[in-house]
2 protein chains.
Amino acid sequence: MSGTETSPPSLSHRVPDLGAMVLLLAVARHGSLGRAARDVGISQPAASGRIRSMERQLGVALLDRSPRGSRLTDAGALVTDWARRVVEAAEAFDAGAQALRDRRDSRLRVAASMTIAEYLLPGWLIALRAERPGTAVSLLAGNSAAVALRLLAGEADLGFVEGLSIPEGLDGTVIAHDRLVVVVAPSHPWARRDQLTPGELAGTPLILREHGSGTRQVLDAALAVHGGLARPLLELSSTTAVKGAAESGAGPCVLSELALGEELSARRLVKVRVAGVRLRRQLRAVWPAGHRPTGPARDLLALTAGATHEP
Amino acid sequence: MSGTETSPPSLSHRVPDLGAMVLLLAVARHGSLGRAARDVGISQPAASGRIRSMERQLGVALLDRSPRGSRLTDAGALVTDWARRVVEAAEAFDAGAQALRDRRDSRLRVAASMTIAEYLLPGWLIALRAERPGTAVSLLAGNSAAVALRLLAGEADLGFVEGLSIPEGLDGTVIAHDRLVVVVAPSHPWARRDQLTPGELAGTPLILREHGSGTRQVLDAALAVHGGLARPLLELSSTTAVKGAAESGAGPCVLSELALGEELSARRLVKVRVAGVRLRRQLRAVWPAGHRPTGPARDLLALTAGATHEP
DNA sequence: TACCGGACATAAGACCAGCTTATGACCTCA
DNA sequence: TGAGGTCATAAGCTGGTCTTATGTCCGGTA
């Protein structure tokens with residue numbers, strides 16, 4: 001039984017697949033394997049076997065089966081909660097992917113900056129789908145200039161941008177705020193500092209996105225009065241690359257709070273406060289000047305307005 | 001090709017499986033299908049086919065293939081970011097599940113309250129695994145009293161509790177703060193209020209967890225001077241049930257900020273501020289009085305200390 | 001007491017998706 | 001021009017998951 005292990009079982013082998021997790025959520029909801037099976041569109045024996053093999057795989061009993069139905073065990077409740085997070089992430093993936101696909105024949109064409117497309121838009125799309133099922137949405141991601149271009153060319157109905165100003169020719173409204181935070185690896189000296197002075201931040205080479213990103217624009221403006229931003233330590237092309245470099249100890253970086261989830265709670269990165277500097281930027285919905293959104297675009301706008309991240 | 005569709009394709013059919021997502025992340029990291037294949041332990045043709053079928057499924061080109069390697073397209077970068085969130089959730093699932101399984105022969109036995117076990121612990125375990133690979137952890141979830149019991153009986157090495165006080169016989173340290181927030185469905189009248197008075201909150205029947213939960217303890221204490229908590233509208237047994245009831249418009253509820261992720265950004269629930277009331281609670285690591293943690297328990301404690309959610 | 005119905009488990013066979021190995025085509029660099 | 005890297009294609013195998021058909025258990029009810 002324990003001597004013929006061959007390959008290092010990878011994540012996807014240690015974790016039940018999405019279908020199994022969806023099924024588990026259905027069982028938790030309905031209190032019965034059979035009903036859950038019908039809910040997800042498979043037969044009762046299939047559901048039974050699937051949960052059973054999940055229990056075998058995890059080495060934990062998930063259900064208390066009785067002739068009157070099945071209830072979660074304590075461990076099962078915990079597993080179900082963790083599974084719910086995976087399924088929610090998958091739903092966001094799905095919502096985003098559908099918007100990327102639709103391109104043609106979509107009733108709502110959205111253009112959004114990378115940060116917004118990455119972190120916020122999938123959630124909005126899920127909400128939109130719940131309220132207005134059947135609204136086909138297409139998504140195009142790019143920087144502020146590209147978003148403006150699309151809108152003015154009539155190739156997009158609604159745009160989302162981050163940064164300090166509204167691009168020429170557009171009207172817009174602030175839908176949320178986003179805080180920028182300074183983060184370092186736990187081993188970095190700043191990790192033990194209570195807070196920094198703005199001058200220190202300005203004087204230290206940072207890991208940054210390349211020029212033209214919304215993040216950098218805000219940082220420049222905020223530190224202008226403190227001597228301006230030092231020459232960057234590294235200029236990378238994606239948020240992920242910036243995080244990676246900072247985690248491996250290359251130096252401090254500044255990122256949107258939206259981009260920092262797991263890294264903070266797992267303490268792979270730690271926040272450093274900066275005294276007296278408001279590193280905050282607006283996220284805006286935008287549209288061609290004078291053409292207030294109507295139809296599906298108005299629906300989406302109504303959903304996003306007020307989704308402010310910090311009042 | 002399009003006329004024999006039969007069953008409603010469920011989420012798990014619309015979304016690539018975990019293995020494919022992990023592979024995509026590897027391709028993004030390595031810039032080559034072949035290298036990514038080796039990284040995840042499959043053959044190059046398998047990787048090629050897998051990515052290709054993912055592209056077919058999503059209806060989007062993910063890679064720019066060249067004889068010098070493969071780079072993500074713009075859409076591919078977005079898809080990869082969304083996939084990363086799914087994989088991270090799966091890693092948290094895995095870390096938690098392993099701790100549930102290990103039970104015996106584990107070098108570190110943790111007892112934690114539900115909220116902490118659900119939202120925080122998996123992240124800590126991932127961090128611990130990164131720093132001290134091979135530390136087998138076992139997890140037992142229960143309320144504060146159960147945690148105390150385990151610790152005092154010598155059946156757990158380290159505990160985590162939420163609430164106002166440290167259980168009798170234990171020492172502890174505050175490792176984080178957690179804000180409680182009042183949330184309602186977007187259709188609720190409070191959703192349009194700028195803020196509430198404490199008296200209003202105290203006077204309104206709320207959806208709550210059953211008695212004895214940490215949340216309720218804090219709420220009681222905070223509103224004691226404002227006339228005390230009204231009789232609950234509903235008492236439910238899980239955080240999820242509370243969220244569900246609030247979303248369907250049953251009434252306002254009070255939840256840990258940790259439990260509210262997607263619901264807020266998708267605007268299925270909205271926060272309501274309460275003037276002048278500090279709905280905040282401490283999350284503490286605890287251990288038997290006089291027995292400061294050593295070994296693996298000390299390692300985990302070091303990781304969690306400072307993972308404060310809001311300074 | 002006997003029966004009925006709901007719930008879960010088991011068994012046997014069909015089916016499909018993904019893997020592997022072997023090979024080919026293409027580009028770049030020395 | 002040949003070597004070494006890239007990705008794609010083809011053929012065959014394997015394993016997991018589904019379905020249908022049935023068995024077992026329990027609780028309520030006449």
Side-chain angles (χ1 to χ4, degrees), chain A residues 4-24 26-58 60-73 76, chain B residues 1 4-58 61-73 76 83:
Chain A
T4 13
E5 292 305 303
T6 158
S7 57
S10 62
L11 182 64
S12 52
H13 294 128
R14 289 193 309 256
V15 171
D17 66 31
L18 262 178
M21 295 195 190
V22 169
L23 175 62
L24 181 61
V27 173
R29 212 167 35 245
H30 289 115
S32 147
L33 272 171
R35 215 147 350 165
R38 230 167 302 132
D39 188 35
V40 305
I42 61 176
S43 68
Q44 173 266 317
S48 176
R50 199 122 190 212
I51 296 284
R52 186 163 293 280
S53 74
M54 187 167 18
E55 289 177 314
R56 219 183 17 252
Q57 180 181 30
L58 300 178
V60 172
L62 301 174
L63 297 181
D64 272 332
R65 295 148 172 90
S66 88
R68 281 186 320 294
S70 297
R71 294 204 55 69
L72 293 173
T73 61
Chain B
M1 192 79 172
T4 15
E5 292 305 304
T6 159
S7 57
S10 63
L11 181 64
S12 52
H13 294 128
R14 290 194 308 257
V15 171
D17 65 32
L18 263 178
M21 294 194 190
V22 169
L23 174 62
L24 180 61
L25 297 185
V27 173
R29 211 167 36 245
H30 289 117
S32 148
L33 274 171
R35 223 176 312 218
R38 228 167 304 132
D39 188 33
V40 305
I42 61 177
S43 68
Q44 173 267 317
S48 176
R50 198 123 193 216
I51 296 284
R52 185 163 294 280
S53 74
M54 185 163 26
E55 288 177 315
R56 217 180 23 249
Q57 179 182 31
L58 300 178
L62 301 175
L63 296 181
D64 273 332
R65 295 150 171 86
S66 89
R68 280 188 320 296
S70 299
R71 293 205 56 69
L72 293 173
T73 61

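Throughout, protein chains are lettered first and strands after them, A, B, ... in sequence-line order, and every chain is numbered starting at 1.
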- Tell me: CZ of B:Arg71 to P of D:dG5, nearest whole Å? 20 Å
- Task: Give the nucleotide from the list D:dA8, D:dT19, C:dT20 with an atom nearest to the side chain of B:Gln44.
- Result: D:dA8
- Rounded to the nearest Å, what distance is computed from the NE2 atom of residue A:His30 to the C1' atom of nucleotide C:dC8? 17 Å
- Would you mind reading off the distance between A:Ile42 atom CD1 and D:dT17 atom P, rounded to a whole angstrom? 11 Å
- Just compare C:dA7, D:dT6, D:dC7 and give me whichever is closest to any side-chain atom of A:Ser32. C:dA7
- Query: When you check the phosphate oxygens OP1 and OP2 of D:dT6, does a side-chain N or O of B:Arg65 lie under 4.0 Å from one of them?
  - Reply: no
- Message: Rounded to whole Å, how long is the line connecting atom CG of A:Asp17 with atom P of D:dC18?
- Response: 8 Å
- Query: Side chain of A:Arg52: nearest nucleotide among C:dA9, C:dG6, D:dT9?
  - Reply: C:dA9
- Item | Toward the 5' end of DNA chain C, by each residue's nearest nucleotide, A:Gly69 or A:Pro45 | A:Gly69
- Using a 4.5 Å cut-off on heavy atoms from C-beta on, say whether the side chain of A:Arg50 contacts that of A:Asp17. yes
- NA contact type, A:Ser70, heavy-atom cut-off 4.0 Å: base, sugar-phosphate, or nothing? sugar-phosphate
- Please determine if a side-chain N or O atom of A:Ser43 lies less than 4.0 Å away from the OP1 or OP2 oxygen of D:dT19. yes
- Pairwise side-chain contact, A:Pro16 with A:Leu58, heavy-atom cut-off 4.5 Å (strictly under): yes
- To the nearest Å, give me how far apart CZ (A:Arg56) and C1' (D:dT17) are. 12 Å
- Message: With a 4.5 Å cut-off on side-chain heavy atoms, are A:Ile51 and A:Arg65 touching?
- Response: yes
- Taking only the side-chain heavy atoms of B:Pro67 (C-beta and beyond), determine which of C:dT20, D:dA8, D:dG5 contains the nearest atom. D:dG5
- Query: Is there side-chain contact between A:Leu23 and A:Met54, with heavy atoms separated by less than 4.5 Å?
  - Reply: no
- In whole angstrom, give the distance that lies between atom CZ of B:Arg38 and atom C1' of D:dT6. 11 Å
- Indicate yes or no: at least one non-hydrogen side-chain atom of B:Leu63 is less than 4.5 angstrom from one of B:Thr73. no
- Nearest-nucleotide pick for B:Arg50, side chain only, options being C:dT20, C:dA9, C:dC19: C:dC19
- Query: Under 4.0 Å: is that the gap between some side-chain N or O of B:Ser48 and OP1 or OP2 of D:dC7?
  - Reply: no
- Query: Roughly, in whole Å, what's the span from NE2 in A:His13 to P in C:dG18?
  - Reply: 12 Å
- Report the nucleotide, chosen from C:dC19, C:dA7, D:dG27, that has the shortest atom-to-atom distance to any side-chain atom of A:Arg68. D:dG27
- How long is the line joining CE of B:Met54 and C1' of C:dG18, in whole Å? 13 Å
